[in-house]
Amino acid sequence: MFYIQSERLKLIPLNLHHLSIYQQSDALAVELGLASVSIDMEPLFLNEFDDALQNFWIPSVEKNPQHYQWFTNWLMVLKEENVGIGGIGLTGLPNENRESEVGYGIGQQYRGKGYATEALVCISHWAFMHPKLHTIVAHTPVDLFDSQRVLQKAGFQSVRAENKLLRWELKRNT
């Protein structure tokens, strides 16, 4: 099984089978050899996640099986406890502007410990191995300060406001 890792985390890109059983967290934990996958998030974020699962990840992974890592949710696994604590992912291979967007979410009980930043740095390093990727983009609501802090700590710069969202960018080191 392919994965990348940082000091405290293992990031596992979920394939089509994993995505199909994701909402059965016990089945996914067994499949991946984890103690559990229990990600406690606010209803707004759970709705966004469910929408991404059904309307982006599953159809995109079906269409791009050879590059599924670029179109899926990567499960954040806390190595010390062997539990799934959140997810992170990109919106696809670099586009015509040489960009890909990143999004992430982490269980409430694991916030404030640097895990989201660590996962963001880890997946950014992996993504920048693609020669066509120049910029990783993220968007946050103007009032979602915790997420903005994660982006800042990972080296992203806020570049402009767009429709009540802040656009953040991390450029490849050249």
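If you're wondering where the values come from, they're calculated on a predicted model, not measured in any experiment.
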For a quick test of your reading: what N or O donor-acceptor pairs under 3.5 Å do the side chains of residues 141-152 make, sequence neighbours left out?
residue: S147; atom: OG; partner: Y104; partner atom: OH; Å: 2.7
residue: Q148; atom: NE2; partner: P141; partner atom: O; Å: 2.9
residue: Q148; atom: NE2; partner: V142; partner atom: O; Å: 3.1

K153 atom NZ, over 12 foreign heavy atoms within 6.0 Å: yes
Non-hydrogen side-chain atoms of L9 and K79 separated by less than 4.5 Å: no
Donor-acceptor pair, side chain of R98 and main chain of T135, under 3.5 angstrom: no
For W168, ring-ring contact (aromatic ring centres under 6.0 Å, His included) partners two or more places apart: none
Minimum heavy-atom distance between I136 and F156, given as atom pair plus value: O-CE2, 3.4 Å
Rounded distance [0.5 Å steps], NZ in K164 versus OG1 in T140: 14.5 Å
Transitive ILVMFWY side-chain link L93 to L16, under 4.5 Å: yes
Cluster overlap L170 with V159, hydrophobic side-chain contacts below 4.5 Å: no
Hphob cluster co-occupancy, V137 + F128, side-chain heavy atoms under 4.5 angstrom: no
Pairing residues for R8 by the salt bridge (charged side-chain N to carboxylate O under 4.0 Å, His left out) criterion, not counting sequence neighbours: E118
Heavy-atom closest pair, residues G87 and N73: CA-OD1, 3.3 Å
Verdict with supporting geometry, L120 and I88, side-chain contact (heavy atoms from CB on, under 4.5 Å): CA-CA 7 Å; L120 185 54; I88 191 166; 4.1 Å; yes
Check: residues 62-72 side-chain donor-acceptor pairs under 3.5 Å, at least two apart:
residue: N64; atom: ND2; partner: S60; partner atom: O; Å: 2.9
residue: T72; atom: OG1; partner: L14; partner atom: O; Å: 2.6

Pair E162-H139, side-chain hydrogen bond (donor to acceptor under 3.5 Å, both in side chains): steps then yes or no: CA-CA 9 Å; E162 304 172 336; H139 289 90; 2.9 Å; yes
Atom pair OG (S6) and OH (Y115), whose distance is rounded to the nearest 0.5 Å: 10.0 Å
Atom pair OG/CG of S20 and L28 - distance to nearest 0.5 Å: 9.5 Å
L34 and L75: CA distance, side-chain angles, deciding distance, side-chain contact (heavy atoms from CB on, under 4.5 Å) verdict: CA-CA 11 Å; L34 304 176; L75 185 65; 3.7 Å; yes
Neighbour count above 12 (heavy atom, 6.0 Å) for Q157 CD: no
N15 backbone acceptor or donor facing H18 side chain under 3.5 Å: yes
Reported NE2-to-CG distance for the pair H134 and N97, which is rounded to 0.5 angstrom: 11.5 Å
Validation row: L90, E101 side chains within 4.5 angstrom (heavy atoms): no
Shared hydrophobic cluster for W74 and L46 (ILVMFWY, side-chain gaps under 4.5 Å): yes
Considering all heavy atoms, the nearest Q5-K10 contact: CB-CA, 4.1 Å
Intermediate values then yes/no, side-chain contact (heavy atoms from CB on, under 4.5 Å), L133 and S100: CA-CA 7 Å; L133 184 64; S100 187; 4.0 Å; yes
Spacing of OG1 belonging to T91 relative to CD belonging to E99, to within rounding of 0.5 Å: 9.0 Å
Exceeds 12 heavy-atom contacts within 6.0 angstrom, atom CD of E7: no
Heavy-atom pair with the smallest gap, counting every atom of E81 and A35: O-CB, 3.9 Å
CA sep, side-chain torsions, deciding dist, call: Y110, V83, side-chain contact (heavy atoms from CB on, under 4.5 Å): CA-CA 11 Å; Y110 295 102; V83 298; 3.6 Å; yes
Spacing of OG belonging to S36 relative to CG belonging to N82, to within rounding of 0.5 Å: 8.5 Å
Minimum heavy-atom distance between G86 and I39, given as atom pair plus value: N-CD1, 3.6 Å
pair L32-M1: side-chain heavy atoms closer than 4.5 Å: yes
Polar side-chain atom of N163 near backbone of L165 as donor-acceptor pair, under 3.5 Å: no
Residue list, salt bridge (charged side-chain N to carboxylate O under 4.0 Å, His left out) with E42, at least two apart or on another chain: R111
Single-linkage hydrophobic cluster I123~V121, side-chain heavy atoms < 4.5 angstrom: no
Closest heavy-atom pair and its distance - L53, P59: O-CD, 4.2 Å
Where at least one partner belongs to residues 34-58, residue pairs that pass ring pair (Phe, Tyr, Trp, His ring centres under 6.0 Å), sequence neighbours excluded: Y22-F49, F49-W57
